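The structure appears right after this line, and notes come after that.
Both backbone and side-chain heavy atoms feed into the values below; hydrogens, waters and symmetry mates do not. Every value quoted in this text rests on a predicted model; they were computed, and no experiment measured them. So that the names make sense, note that chain A is the first sequence line, chain B the second, and so on, each numbered from 1.
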Number of protein chains: 2
Amino acid sequence: MKNKVSDNAESSVERVAADLRGAIAAGIYIPGQAIPSQRKLAGQWQVSRATVREAVLMLELEGLIETQHGGRSRCVNLMEPYLNLPLETSGGNRELQLQVLEARATLEAEAAFYAATRATDEQLQALSSEYARMQERNAGESTLAKAKADLMFHMMIAEASHHLLIISFSQLFYNRYFNAIYGVLSQTLRRYGRYPEGIAQQHARIHKAIQQRQPEVARDAARTHILYTRQLLERIETCP
Amino acid sequence: MKNKVSDNAESSVERVAADLRGAIAAGIYIPGQAIPSQRKLAGQWQVSRATVREAVLMLELEGLIETQHGGRSRCVNLMEPYLNLPLETSGGNRELQLQVLEARATLEAEAAFYAATRATDEQLQALSSEYARMQERNAGESTLAKAKADLMFHMMIAEASHHLLIISFSQLFYNRYFNAIYGVLSQTLRRYGRYPEGIAQQHARIHKAIQQRQPEVARDAARTHILYTRQLLERIETCP
DNA sequence: ACTGATAACTGGTCTGACCAAGGGAGGGCA
DNA sequence: TGCCCTCCCTTGGTCAGACCAGTTATCAGT
């Protein structure tokens, strides 16, 4: 008798598609980043390219990846269609900045949590390098460069979370609200002339927690960090 | 410059998929009925079987067709998942019978309309043959046989409509409510000993209108026919 | 440093073959 | 006669290798 529901004898293409879906969901392939070519995937899974093509077609119809003749196939950002918020983010709108930072608090906290849980050793190492680089850069470079270093640090944490939704959302978030977020940093720097003590310490705490794989600590550290930033903005607003 | 929206240079697989979709939507392939094999489709469209397979896969993921290893691929009934109504249709439930006939009035009317508009010449000829056969059978066969002949006549009209939704719905409708519908016929026959005058005339009118390709007339004739049947049921109910 | 040709990719399609599973026609059995 | 079983053909699933058509990175020449 056949068992349609839990059919163990799944076809090759379904197996490949499931693996690929899993890899994407696990953040092994980052949205916007190219996935291996069909030929490589075929070799990797020991199936023919025809089978890989059918699997890739399935994922494409599901909206997980997109292909381009001649170009490489890449994984799409799942949040793209759902994040069409107005982006008048010259950095001047305080209310929006505050809201963005509130949303970011949750996002960063979860990203840090999962990064501490699931980051690969290579990612931890890369994060460590980037952290060191950020500290160097902190002494004597332009505000923009510091902002970008800060962004890179947080983005790497998001990617290390291996969580497709977090990665997708983070990408869009940082792309669209770069000004809103780093307008805070800019104003802070203008006011204090340097990073406030807290930020460097918080970055250190986040970094340490992730490196030591302490998810709860990392989540709390990230959340505290963002809310601290938010507080800075409020202070600037109320005490010009 | 590329035009993503109205890209004229669509790929082969997309063209084949579109054609196949069109053929199914046009009722060329009836739900439940097998579509040509991939090899035949490949020959038909002058493309490779790999391309056909990708097109078929697309339609399968869209839920339009289903494939079975070794078996033939067949077009699915779109309404199946949406028609899980209770089917206690022993033919005794008067209220349900009335409701069914009301729904059928609209369904048959539209089917007749589109049949008169889009039936192929072959289908008109087949319908004519079936109509003649139904008349012969009307003189001296079992009630069940008459009911089945009646059903066949209406089903052929539905198929000639070349309207996927009408065909899908008709299939399920007649399968599930056969008893509810032909309980009416059975009771009518028991009461009058033969078909009421009206029914034969109405069948003739529907048939004639479709043959002469008069959509409006066909629609009206079909609607009148079903509502007449409904009226019969009410009369039986109120005057036992 | 910039530009333009070029070579090395990529995805899209084709061919022909084999395997495995369903389905129908026929023969054997009761 | 009627049922069941087997065999064979067709079907979908997979494979290998090839070619075409776009993209992209490289590198020589300006």
Figure out the CD/C1' separation between A/E14 and D/dT14, and round it to whole Å. 13 Å
Using whole Å, report how far CD1 of B/I65 lies from P of D/dG12. 9 Å
Students often mix this up, so state it plainly: with edges at 30° and 60°, are the rings of B/H225 and B/H154 parallel, tilted or perpendicular? parallel
Can you say whether a donor on the side chain of A/H69 sits under 3.5 Å from an acceptor on the base of C/dG11, or the other way round? yes
Taking side-chain hydrogen bond (donor to acceptor under 3.5 Å, both in side chains) as the test, write out the residues that go with B/T51, two or more places apart. B/S48
When you measure from the side-chain N and O atoms of A/T67 to the phosphate of C/dG12, is any distance below 4.0 Å, counting only OP1 and OP2? yes
For B/A218, enumerate each residue passing the side chain to side chain contact (heavy atoms under 4.5 Å, CB included) test, keeping only those at least two apart in sequence or located in another chain. B/A112, B/A116, B/A209, B/I210
Who passes side-chain hydrogen bond (donor to acceptor under 3.5 Å, both in side chains) against B/H163, sequence neighbours left out? none
Side chain to side chain contact (heavy atoms under 4.5 Å, CB included) partners of A/Q125, counting only residues at least two apart: none
Atom pair distance, as rounded to whole Å: CZ in A/R39 and C1' in C/dA8: 11 Å
Taking atom types as they are modelled, would you say the side chain of A/R72 forms a donor-acceptor pair with the base of C/dG11 within the 3.5 Å cutoff? no
For A/S128, what residues pass the side chain to side chain contact (heavy atoms under 4.5 Å, CB included) criterion, not counting sequence neighbours? A/H207, A/Q211
Protein-nucleotide distance (B/L41, atom CG; D/dT11, atom P), rounded to Å: 10 Å
Output, in order, the C-alpha distance, side-chain angles, deciding distance and verdict of side-chain contact (heavy atoms from CB on, under 4.5 Å) for B/L57 and A/L61. CA-CA 10 Å; B/L57 178 60; A/L61 294 179; 5.7 Å; no
Using the closest heavy atom to pick a nucleotide of DNA chain D for each, name whichever of A/R74 or A/V13 lands nearer the 5' end. A/V13
Between A/Q46 and A/G43 (side chain of the first, backbone of the second, donor and acceptor by atom type, cut-off under 3.5 Å), is there such a pair? yes
So which of residues 17-25 of chain A are in contact with DNA chain C, with a heavy-atom cut-off of under 4.0 Å? none
Check whether any side-chain nitrogen or oxygen of B/K40 sits under 4.0 Å from OP1 or OP2 of D/dT10, and answer yes or no. no
Residues which pass salt bridge (charged side-chain N to carboxylate O under 4.0 Å, His left out) with A/R74, listed by chain and number, not counting sequence neighbours: none
Considering just the side-chain nitrogens and oxygens of A/S12, establish if one lies under 4.0 Å of OP1 or OP2 belonging to D/dT14. yes
Any residue in residues 46-63 of chain B with a heavy atom nearer than 4.0 angstrom to DNA chain D? Just list them by number, or reply none. B/R49, B/R53
Nearest-Å distance, CD (B/E10) to P (C/dG12)? 14 Å
Tell me every residue that passes side-chain hydrogen bond (donor to acceptor under 3.5 Å, both in side chains) with B/R39, counting only those two or more places apart in sequence or in another chain. none
A/L107: partners by side chain to side chain contact (heavy atoms under 4.5 Å, CB included), with sequence neighbours left out: A/I166, A/F169, A/S170, A/F173
Side-chain N or O of B/S37 versus OP1/OP2 of D/dT10: is the shortest distance under 4.0 Å? no
Rounded to whole angstrom units, what separation is found between the CD atom of A/Q38 and the C1' atom of C/dT13? 11 Å
For the helix from C/dA1-D/dT30 to C/dA30-D/dT1, what angle separates the axis at the start from the axis at the finish, each from five pairs, in steps of 10°? 10°
Could you pull out every donor-acceptor pair under 3.5 Å between side chains of residues 25-38 of chain B and any protein atom, sequence neighbours left out?
residue	atom	partner	partner atom	Å
B/S37	OG	B/K40	N	3.3
B/Q38	OE1	B/R49	NH1	2.8
B/Q38	OE1	B/R53	NH1	3.4

Would you tell me if any nitrogen or oxygen in the side chain of B/Q68 comes within less than 4.0 Å of OP1 or OP2 on D/dG13? no
